[in-house]
Amino acid sequence: MSSTLQTSLQRTAACGELRIEHAGQPATLAGWVNNYRDHGTGLVFIDLRDHTGLTQLVFDKEDAPAGIVEAADKLRAEDVIAVKGKIRKRDGGPNPKLPTGEIELVVEQLEVLAKADTPPFQPGDEQNLPGEELRLRHRYLDLRRPKMQHVLRTRHRVTKVARDFFDALGFIEVETPNLCRSTPEGARDFLVPSRLQPGEFYALPQSPQLFKQILMVAGADRYMQICRCFRDEDPRADRQAEFTQIDLEMAFVDREQVLETMEAFARTLWKEVLGVEVPKFQRMTWQEAMDRFGSDRPDLRYGLELVDISDLAAKTDFKVFAQALEKNPGSGHPSTRDGGVVKAFRVPGGAEKLTRKLTDGYAEFVKQFGAGGAPVTKVTAEGFETGIARFIEPITAELKERMGLEPGDTVIFGADGYNTCSKALGELRQKVAKDLDLIGKDQWAFLWVVDFPMFEYDEATKRYYALHHPFTAPRADQAETLLSAKPEDKQTLLGVLSDGYDMVVNGSEIGGGSIRIHRRDVQQKVFQLLGLGEEEAKAKFGFLLDALRYGAPPHGGIAFGLDRLVMHLAGTENIRDVIAFPKTQTGADLMTEAPSGVDEAQLKDLHIRVVEAEVKPVEAKKLSANPT
RNA sequence: GGGGCGGUAGCUCAAUUGGUUAGAGUACCGGACUGUCGAUCCGGUGGUUGCGGGUUCGAGUCCCGUCCGCCUCGCCA
């Protein structure tokens, strides 16, 4: 059957909205054929789908004009049709699985708007989800799935709530450029060649950071933008090279005002989207988060807290402990010098639940974070047994007291430099929580992590790096220390705290920001410490230094990761699920087959020559990309 | 750049130690059927086991390379 070019039937209802009270009324529906149940010459059932749900259509020879049942007989999955008929209470009894399950539409008029080829997979079949590769290749089918429609709509809801919330507080949305100057710090830039200026390049923005600061200097007062950002680094389950930020900045504020505003936004979001009342956020310093959880974005939905037992470990004869404690000797806080530590966490009831197989796996697991292993032991009424029990026997009483150990617990140890030890145990803590199913459903553990160090020092390149970014202000009480410090005052500089903050929920960083530097001398000092010479700073950030010269208000802000917010609100573990057209791990869009080669003429315009040896074998790529 | 897992019918998967004609469910095609809703029943089509090479009497299975996808370390101011 050929389909029509235009529909003469106009929808009067969506497929998910008809109820028993509509029985007796006429209705016109349009949508996709989800499913057909063909009872032969006289009776056909079709489930018609749109983004709102399903309605059962009945084509019954006894109730329908001649020819319609025969036409319905030919309908297949994903055909697009419009139907007109009468709503009635179902003859065959209700289907409790459907919201529309008490009614059906008796079809009197059928229009086939588009026949569909047999689809590679059926969006209506939630039981039998195809592989993600296929879903991405046929994203138009994948997005028809009710779950994906829900995500699209959740995402819309989030941006809508954001715009309304901040508009009510006097924020204005301002667009900033996508063709930007490349910046030296931070992630790898995506570059765009300039046609008009041969050999020069734009960079796509990693964030509108400097533009929004300039807007504060320009008197915008309160700025917001929902903007795309680009970082040319390898993706992860929660990270895409191209992602979206809800970007915000406020003038004449201190940290407290920013945190209050942004916390109110997050709570509004959870209330509006999920109906969840989020209690006031906890706050935790970066140092405390690292000490207790081995992470700057701790998941507070469960315990398994890390305890420093270095002093007790020093009393044992265990070589692993002794060697760790000798690492990176020096004075000062362990976090700034990576001094050797021994830490441990208690797994309540672990003696029974943590099998040998699991704990052996943990030893392997921590190796990927640079740790040598993860010694374990079990707690008994008398002391310890198995694992490293005999080594820690001398400190039995003290260890039990320090960690609150109970018989039946397992203790997992880590011994290394502070950074490695914290990272390894922090990651292991999360793994144990998952393995033992300690994470309750529908728990929301929000917190602010504050008081980050300004700098970290990289031994390989022998220089400081900004932990957040180079425009983050030092905490007010640290400014003088910073200004008077010399680059060689390493202990002092590594101890300087910034006025930065991260919003964290369930172990995931969903927003990060800071009070910015609004004083030119402070900004210059930071550039200097980061190894940017005066000339270089002027060349790369002259516009910022100039702007700071002409009257900059104190300001600060935050950027939320929109994709991650939606992940949490939609309950998905994968960032690709909340992006309509995401890319794979090799940066490919499987539907459009981007990236692609371009014409010689285009390259010539852009003054670009591709080095042949580095071109990927296109034949092989195309062959496996198109199995059909 | 490193580590791990995967790729078999349109789709989801199976195939003993390397051994006969690579199977099942579903989809698709044909037929039957007037109350189904994962419809049912009968019959049928459908495969260069990602690609290339190697070992072997014999490879979906073993080896090497490569491509694609996922997880991850590095990276992500």
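Chain letters run A, B, ... following the sequence lines, proteins first and then strands; every chain starts at 1. Quick note: numbers below take in every heavy atom, side chains included, and nothing from hydrogens, waters or symmetry partners.
Applying the Watson-Crick and G-U wobble criteria (two distances, each under 3.5 Å), B:A9 pairs with nothing in any strand. Across all strands shown, the partner of B:C41 is B:G31, judged by Watson-Crick or G-U wobble contacts whose two distances both fall under 3.5 Å. Both distances falling under 3.5 Å, in either a Watson-Crick or a G-U wobble arrangement, occur for no nucleotide opposite B:U56. Base-pair partner of B:A14: not found among the strands shown (Watson-Crick or G-U wobble, both distances under 3.5 Å).
Straight-line distance between the C1' atoms of B:G7 and B:U48: roughly 15 Å, to the nearest whole Å. Distance check on atom P: B:C29 versus B:A15 gives 31 Å, rounded to whole Å. If you take atom C1' in B:G6 and the same atom in B:U61, they sit 15 Å apart, rounded to whole Å. Distance noted for atom C1' between B:C13 and B:G47: 15 Å (whole Å). B:U49 and B:A14: their C1' atoms are spaced 13 Å apart (whole Å). A distance of about 36 Å separates the P atoms of B:C76 and B:C63, rounded to the whole Å. B:G30 sits 43 Å from B:U17 when the P atoms are compared, rounded to a whole Å. When the P atom is used for both B:G50 and B:A22, the distance is 15 Å, rounded to whole Å.
Counting non-hydrogen atoms of neighbouring residues, nucleotides and ligands closer than 6.0 angstrom, the NZ atom of A:K525 exceeds 12 such neighbours.
If you take CG of A:L75 and C1' of B:C28, they are 16 Å apart, rounded to a whole angstrom. If you measure from atom CG of A:L590 to atom C1' of B:C67, you get 13 Å, rounded to the nearest angstrom. One interatomic measurement links the two molecules: CG of A:D117 to P of B:C28, which rounds to 12 Å at whole-angstrom precision. The CG atom of A:D502 sits 13 Å away from the C1' atom of B:C76 (whole-angstrom rounding). Rounded to whole Å, atom C1' of B:C68 lies 17 Å from atom NZ of A:K583. Here the P atom of nucleotide B:U36 and the CZ atom of A:R88 are 14 Å apart, to the nearest Å. As rounded to whole Å, 13 Å separates atom C1' of B:C75 from atom CD of A:E456. Distance CD (A:E133) to P (B:G7): 12 Å, rounded to an integer number of Å.
With respect to A:D502 and A:R297, no salt bridge is recorded, no charged nitrogen being found less than 4.0 Å from a carboxylate O. Using a 4.0 Å cut-off between a side-chain N of Lys or Arg and a carboxylate O of Asp or Glu, A:E536 and A:K540 qualify as a salt bridge. In summary, A:D142 and A:R145 engage in a salt bridge, as defined by a charged side-chain N under 4.0 Å from a carboxylate O.
The base of B:C76 lies close enough to the side chain of A:R239 for a donor and an acceptor atom to sit less than 3.5 Å apart. Taking 3.5 Å as the limit, the base of B:G69 and the side chain of A:R135 contain no donor-acceptor pair of atoms between them. On a pure distance criterion of 3.5 Å, a polar donor-acceptor pair joins the side chain of A:R90 and the base of B:C37.
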For nucleotides 22-26 of chain B, which of its nitrogen or oxygen atoms have a protein nitrogen or oxygen under 3.5 Å away, and what is each distance?
none

Show each protein N/O and nucleotides 29-34 of chain B N/O combination with a separation under 3.5 Å, one pair to a line.
residue: B:C29; atom: OP2; partner: A:R76; partner atom: NE; Å: 3.1
residue: B:C33; atom: N3; partner: A:D38; partner atom: O; Å: 3.4
residue: B:C33; atom: N3; partner: A:G40; partner atom: N; Å: 3.2
residue: B:C33; atom: N4; partner: A:G40; partner atom: N; Å: 3.0
residue: B:U34; atom: N3; partner: A:D60; partner atom: OD1; Å: 3.1
residue: B:U34; atom: O4; partner: A:E62; partner atom: OE2; Å: 3.0

Identify each atom pair where a protein N or O and an N or O of nucleotides 1-4 of chain B are less than 3.5 Å apart, giving names and distance.
residue: B:G1; atom: O6; partner: A:D234; partner atom: OD2; Å: 3.3

Which pairs of donor and acceptor atoms, one on a side chain in residues 62-73 of chain A, lie under 3.5 Å apart (sequence neighbours left out)?
residue: A:D63; atom: OD2; partner: A:R88; partner atom: NH1; Å: 3.4
residue: A:E70; atom: OE1; partner: A:G67; partner atom: N; Å: 3.4

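Screening residues 572-589 of chain A for salt bridge (charged side-chain N to carboxylate O under 4.0 Å, His left out) gives A:E132-A:R576, A:R135-A:D577, A:E242-A:K583 as the qualifying pairs, with residues at least two apart or on separate chains. Legend: salt bridge (charged side-chain N to carboxylate O under 4.0 Å, His left out) pairs involving residues 44-60 of chain A, not counting sequence neighbours, sorted by first then second residue: A:R37-A:D47, A:R49-A:E78.
Contacts of A:L467 with the nucleic acid, taken as non-hydrogen atoms under 4.0 Å apart, involve only primed sugar atoms and P, OP1 or OP2. Residue contacts shown for A:T183 are absent, as no nucleic acid heavy atom lies under 4.0 Å away. Across all strands, A:E104 comes closer than 4.0 Å to base atoms (heavy-atom distances). Using a 4.0 Å heavy-atom distance criterion, A:P470 is classed as a base contact. Contact annotation for A:G131: backbone-only contact, meaning every heavy-atom pair under 4.0 Å involves sugar-phosphate atoms and none involves a base.
Side-chain contact of A:Y202 with A:N178: a donor-acceptor pair under 3.5 Å is absent, judged by distance alone. Under 3.5 Å, the side chains of A:S514 and A:R516 contain a donor-acceptor pair of N or O atoms. If you check the side chains of A:Q56 and A:N95, you find no donor sitting under 3.5 Å from an acceptor. A:T55 and A:E104 share no donor-acceptor pair across their side chains, judged by distance under 3.5 Å alone. Under the 3.5 Å distance criterion, with hydrogens and angles disregarded, no donor-acceptor pair is assigned to the side chains of A:E364 and A:Y362. Using modelled atom types, one finds no donor on one side chain facing an acceptor on the other under 3.5 Å when comparing A:Q524 with A:Q528.
When distances are taken from the side chain of A:A237 to each of B:U72, B:C75, B:G69, the shortest belongs to B:U72. Each of B:G35, B:C73, B:C37 was ranked by its minimum atom distance to the side chain of A:R37; first place goes to B:C37. For A:N574, taking side-chain heavy atoms from C-beta onward, the closest of the listed nucleotides B:C71, B:G69, B:U72 is B:C71. With distances taken from any side-chain atom of A:A187 to the nucleotides B:G38, B:C76, B:G10, the minimum falls on B:C76. Of the candidates B:C76, B:G69, B:G74, the closest approach to any side-chain atom of A:E233 belongs to B:C76.
Between A:D47 and A:L134, it is A:L134 whose nearest contact on RNA chain B lies nearer the 5' terminus. Both A:K97 and A:K423 lie close to RNA chain B; mapped to their nearest nucleotides by heavy-atom distance, the more 5′-ward contact belongs to A:K97.
Side-chain N/O atoms of A:T586 include one lying less than 4.0 angstrom from OP1 or OP2 on B:G69.
Between A:Y140 and A:M591 there is a side-chain heavy-atom pair separated by less than 4.5 Å.
The aromatic rings of A:F471 and A:F541 stand perpendicular to each other, their planes meeting at an angle above 60°, with 30° marking the opposite boundary.
Residue ring and nucleobase are not stacked for A:F121 and B:C11 under a centre distance beneath 5.5 angstrom and an angle between planes beneath 30°.
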